[in-house]
Amino acid sequence: MSSILSPSVEAVIAANVARIRQRIADACARAGRDPAEVVLVAVTKGKSLAAVAALARAGVFDIGENRVQEGEAKRRAAELAGLAGLRWHLVGHLQRNKAARALRTFHVLHGIDSAAALEALARRATEPVPVFLEVNVAGEPSKHGCAPEALPTLVETARRLPAIRLEGLMTVAPVADDPEDVRPVFRELRPLAQEFGLTKLSMGMSGDFEVAIEEGATHVRLGRALFEGAIP
Ligand SMILES: *Cc1c(COP(=O)(O)O)cnc(C)c1O
């Protein structure tokens, strides 16, 4: 993996980061929130190590990948290139048989949606691992995530396992042309989390992150918006 982008491409990424930080701040202002409460997770799936390096130089240190294998390769390459201080987030679904590898690569796991996955992690973890439980709020059959009705049991399982540090809930909203159309999905996640005393919400992507922040997102997962005009 190459670790070099042209200066002009780097400049576009840095400008994108600045613009997104401003949009995050504006959304927080509308909601009466402190922007320091919102973590920007840059999703770099399909992008090279050079993209990760450019993001780090622009001050983005939370890096998201949706596949264990790609995350593994990228983290290893980042370390070889001397890129330190990154926090790696698995934002995609975790297959049980990849639990050990996921633990070695990622600091935070966002896509956990079954007791089996929690137990597989707990068997392998050597220290408590921060986890977001994925909820399929909209009930889309094509999506991962547990049904809201399954959440009480899943939370109970997570809390019974000392190796799991339950952080909050995560959701992926349906694709929509107008982000207002998915506001109700985001709006449902916060009370679900509050029911269990959870305060962190991983929700919002390039097309809908401002609405997600207005509805309480603490972690937005952005890919396309960061690379617009820079990397296809
Ligand atoms: C790819 C991906 C994102 C980022 O999506 P963009 O639309 O590119 O911002 C966020 N979350 C998950 C789970 C993803 O797979």
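Start at 1 and go down the list; that is how both ligands and their atoms are numbered. Everything numeric in this text was worked out from a predicted model, so none of it was measured.
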Is a salt bridge present between [X] and [Y], judged by a nitrogen-to-oxygen distance below 4.0 Å?
{"X": "Glu228", "Y": "Arg224", "answer": "no"}
{"X": "Arg159", "Y": "Glu156", "answer": "no"}
{"X": "Glu65", "Y": "Lys45", "answer": "no"}

Inset, instruction - Would you please say whether a donor-acceptor pair under 3.5 Å links the side chains of Glu140 and Asn136? - result: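 Judged by distance alone, the side chains do not pair up.
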Legend entry - Protein residues that have a heavy atom under 4.0 Å from any atom of ligand 1, sorted by chain and number: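 Ligand 1 pocket, heavy atoms under 4.0 Å: Val43, Lys45, Asn66, Val91, Met205, Ser206, Arg221, Leu222, Gly223, Arg224.
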Legend entry - Parallel, tilted or perpendicular: ring planes of His219 versus His110, cut at 30 and 60 degrees: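 Taking His110 first and then His219, their aromatic rings stand perpendicular (interplane angle over 60°).
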Which atom pairs, one a donor and one an acceptor, fall under 3.5 Å between side chains of residues 116-134 and the rest of the protein, sequence neighbours left out?
residue: Glu119; atom: OE2; partner: Arg160; partner atom: NH2; Å: 3.4

